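These notes are about the structure you will find just below.
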Amino acid sequence: MSANARQLEYQQSLLYRIRHSTAHVMAEAVLQLFPDAKIAIGPAIEDGFYYDFDLPRALTPEDLGAIEERMRVILRSGSDFNKKVITAAEAQDIFTSQPYKLELIDGLVQGSVDEHGNPLKEPPELSIYESDGFVDLCRGPHVENMRQINEQAFRLINVAGAYWRGDETRPMLQRIYGTAWNTREELDAYLWRMEEARRRDHRKLGKELDLFSINPEVGAGLVLWHPNGAMVRHLAEAYCKDEHIKNGYDLAYSPHIGRAGLWETSGHLVWYKENMYAPMQIDDEAYYAKPMNCPFHIQIYKNKTRSYRELPIRIAEWGTVYRYERSGVLHGLLRVRGFTQDDAHIFCRPDQMPEEIDRTLQFCLHILRHFGLGNFHAYLSTRNPDKFAGELPDWDMATQALRQALERAELPFDLDEGGAAFYGPKIDLKMIDALGREWQLSTIQFDFNLSERFGLEYTGDDGQPHRPFMVHRALLGSMERFMGVLIEHYAGAFPVWLAPTQAMVIPIADRHFDYAHLVAQQLREAGLRVDVDERDDRMQAKIRDAQNMKIPYMLVVGDMEAAAGQVALRLRSGENLGAISVEGFLARARKEIVELV
RNA sequence: GCCCUCAUAGCUCAGUAGGUAGAGCGCGCCCUUGGUAAGGGCGAGGUCAUGGGUUCAAAUCCCAUUGAGGGCUCCA
């Protein structure tokens with residue numbers, strides 16, 4: 001099922017109406033506590049609802065408790081939700097002291113915009129809902145009666161700022177988020193899930209497992225990879241690079257900075273400048289840190305004349321780019337200011353293009369699935385008729401190829417009509433993080449702009465110059481974001497092939513150190529990443545620490561093991577498998593590495 | 001960038017009328033040599049994010065800055 005279909009199903013559910021109605025009850029409670037409050041909008045959302053208010057003062061967490069209590073009192077009234085269709089004049093009369101409602105009415109009546117400010121095809125019918133004396137402009141639907149809302153099954157979560165109509169030039173309102181369910185048990189389960197999500201937050205795990213840090217002295221949004229995290233990243237990159245080479249890509253390296261002229265030609269200085277850092281002067285020339293790798297790869301392509309015989313050319317680079325992101329949007333590894341894309345640019349002939357797109361998407365899925373990622377949303381973004389570069393037939397061909405690739409891969413996708421960038425249509429794959437937020441990883445997008453600006457050509461079999469299709473693609477997206485998603489996906493317990501330390505040898509007493517090192521050395525020679533815990537601690541403490549570090553294998557060695565040339569194998573699941581020969585363990589580890597356990 | 005909240009030892013956090021700081025873990029040393037999730041003792045470690053201000057006195061109150069968290073906007 002696509003995200004759109006899921007959304008529709010949700011909107012028809014009882015739970016959706018419960019949440020929407022709970023938002024009304026919350027607004028009534030807020031108005032009782034703050035009679036001067038101006039109310040804006042309050043829809044049901046995933047897992048709950050929110051309502052935006054313009055209040056005389058900032059709300060505190062204590063206020064939320066008071067509002068919740070007031071809501072329970074209201075619910076006990078057992079009032080009905082009554083719908084009434086009204087005229088615009090009646091509506092304006094009812095909401096004279098509610099300026100935001102008046103603006104909504106105005107928008108709806110003009111037939112131009114809905115409550116979020118999005119355009120509407122025709123003016124809708126206006127309706128109000130009344131419950132317990134509280135009247136709100138609302139299209140519904142709601143539950144019939146407040147008794148359908150379980151007073152033990154909702155909770156106000158937090159308060160946050162939100163611009164009126166999402167417009168940063170309009171007033172900042174206070175948004176109260178809440179969650180509501182059918183039963184107390186469902187609410188508890190939800191709260192437990194949220195708790196669980198916080199436990200697998202990559203920022204928390206990054207610290208606990210000593211994977212990375214972001215240090216204010218270095219700068220916001222700039223990541224320091226510690227040895228553990230660097231190992232995981234290295235393994236992920238090494239795997240991907242090998243796969244790229246196997247799949248016909250050529251690797252490239254390009255510098256971190258380039259002359260202003262390059263970015264003028266590419267157009268970045270016109271339409272991407274606000275995301276680029278200030279230039280540095282070198283010998284009277286301005287140089288910019290690269291926000292993208294494309295111009296460099298294009299220069300590699302252009303370094304010599306290209307024949308139709310050598311296409312497609314696929315140039316791949318783990319290229320580190322720097323982009324200015326507004327301070328408020330930075331988020332752990334998922335939104336940073338300096339990051340490394342697994343970037344590649346494909347240059348191909350029109351006749352090769354559909355197969356090339358197909359192949360790229362298949363390759364992308366192959367890579368993602370190797371990392372155990374299958375839970376993502378696919379989007380196809382098509383041409384914005386008002387703003388696009390390139391030729392219409394090319395757009396149509398490209399869009400068709402993208403669509404067919406998705407269909408052949410049997411990937412459900414959402415169509416984002418007109419959502420493409422001006423330079424070309426694209427496929428995006430977005431992953432869900434632990435807290436349910438979507439982050440874009442993979443993208444496959446055409447670029448009709450750069451190929452034109454740089455005048456890309458190849459010589460056809462007719463001896464004439466032709467313009468190749470240029471496709472920009474990143475599969476993991478950026479290593480930083482990908483690692484963030486990966487950490488949360490595995491909750492830090494990386495599969496054996498990715499675990500920074502695969503096995504910890506745990507000597508029971510000092511006299512077993514020599515044997516422990518012998519075992520470790522044997523395993524290292526076989527290619528495993530192994531450490532020996534030589535600390536002056538009891539075995540139990542070492543097991544606990546290894547387990548907390550989510551190390552896949554714990555190899556306990558004492559007198560018996562040393563005598564028999566064995567190790568006592570314990571898994572991070574807590575399972576104790578007893579003594580096994582070193583060769584036996586090695587065979588098991590090798591098997592699990594291949595099986596991506 | 002905007003709204004709200006926050007910043008105390010390497011980490012997690014106490015510090016509740018303003019009177020110059022505590023715990024656990026971790027770290028160092030010592031004892032202990034223990035068979036599947038924390039053995040014991042002693043010790044070192046903090047200009048209470050930074051800079052101003054109020055006050056006899058500021059971790060505590062006020063302002064600014066930096067950084068972080070939750071959202072909003074943005075993410076061609």
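Order of the sequence lines sets the chain letters (A, B, ...), proteins ahead of strands, with each chain counted from 1. These figures come from a predicted structure and were not determined experimentally.
- A perpendicular orientation is assigned to the rings of A:H24 and A:Y51, their planes being inclined by more than 60° (bins at 30° and 60°).
- Across all strands shown, B:U60 forms no Watson-Crick or G-U wobble pair with both distances under 3.5 Å.
- The side chain of A:I543 lies closest to B:A37, out of B:A37, B:C2, B:G70.
- Nearest to the side chain of A:A541, among B:A38, B:C72, B:G70, sits B:A38.
- Relative to the side chain of A:V329, the nucleotides B:A38, B:U33, B:C72 differ in distance, and B:C72 lies closest.
- Counting any heavy atom pair closer than 4.0 Å across all strands shown, A:R175 reaches sugar-phosphate atoms only and no base atom.
- Rounded to whole Å, atom P of B:U12 lies 13 Å from atom CG of A:D201.
- Within the nucleic acid shown, A:Q540 comes within 4.0 Å of sugar-phosphate atoms alone, with no base atom in reach, counting heavy atoms only.
- As rounded to the nearest Å, B:U5 and B:A9 have P atoms that lie 23 Å from one another.
- Atom P of nucleotide B:A38 and atom CG of A:N548 are separated by 10 Å, given to the nearest angstrom.
- For A:D167 and B:C72, the CG to P distance is 15 Å, given to the nearest whole Å.
- The 12-atom threshold is exceeded at CD of A:E438, counting heavy atoms of other residues, nucleotides or ligands nearer than 6.0 Å.
- Between A:R335 atom CZ and B:G71 atom C1' there is a gap of 14 Å when expressed in whole angstrom units.
- Using a 4.0 Å cut-off between charged side-chain N and carboxylate O, A:E168 and A:R326 make a salt bridge.
- Ranking B:G70, B:G1, B:U36 by closeness to the A:M539 side chain, first place goes to B:U36.
- Rounded to a whole Å, the NE2 atom of A:H331 is 12 Å from the P atom of B:A68.
- A side-chain contact (heavy atoms from CB on, under 4.5 Å) with A:F212 holds for exactly one of A:L224, A:V232, A:L333; it is A:L333.
- At a threshold of 4.0 angstrom between heavy atoms, the contacts of A:M549 with the nucleic acid are absent.
- Picking from B:G71, B:G70, B:A37 the nucleotide with the shortest atom distance to the side chain of A:R203 gives B:G70.
- Among the heavy atoms of the strands lying under 4.0 Å from A:D510 is at least one base atom, whether or not backbone atoms are also near.
- A:E561 comes within 4.0 angstrom of a base, heavy atoms only.
- For A:K207, the side-chain atoms get nearest to B:C11 when compared with the rest of B:A38, B:C75, B:C11.
- With ring centers used as reference points, A:W395 lies under 6.0 Å from A:F448.
- Ring geometry for A:Y322 against A:H256 counts as tilted: the plane angle lies between 30° and 60°, on a 0 to 90° scale.
- As judged by a 4.0 angstrom heavy-atom cut-off over every strand, A:M554 is placed among residues making no nucleic acid contact.
- Across all strands, A:G558 comes closer than 4.0 Å to base atoms (heavy-atom distances).
- Listed candidates were B:U73, B:U36, B:G34. Nearest to the side chain of A:R326 is B:U73.
- Contact annotation for A:A162: backbone-only contact, meaning every heavy-atom pair under 4.0 Å involves sugar-phosphate atoms and none involves a base.
- A straight line from CG of A:D536 to P of B:G41 spans 15 Å, rounded to a whole angstrom.
- Rounding to whole angstrom units, CG of residue A:D537 and P of B:U33 are separated by 15 Å.
- Under 4.0 Å is where a charged nitrogen must lie from a carboxylate oxygen, and between A:R199 and A:E196 at least one such pair does.
- For the pair A:L173 and A:A420, nearest-nucleotide mapping onto RNA chain B gives the more 5' position to A:L173.
- A distance of about 39 Å separates the P atoms of B:A37 and B:A68, rounded to the whole Å.
- Taking the C1' atoms as reference points, B:A7 lies 13 Å from B:C13, given to the whole Å.
- Taking atom CG of residue A:L59 and atom P of nucleotide B:C4, one finds them 11 Å apart after rounding to whole Å.
- Both A:R570 and A:F422 lie near RNA chain B, and the one whose nearest nucleotide falls closer to the 5' end is A:R570.
- The base of B:G71 has none of its N or O atoms less than 3.5 Å from a complementary donor or acceptor on the side chain of A:Y163.
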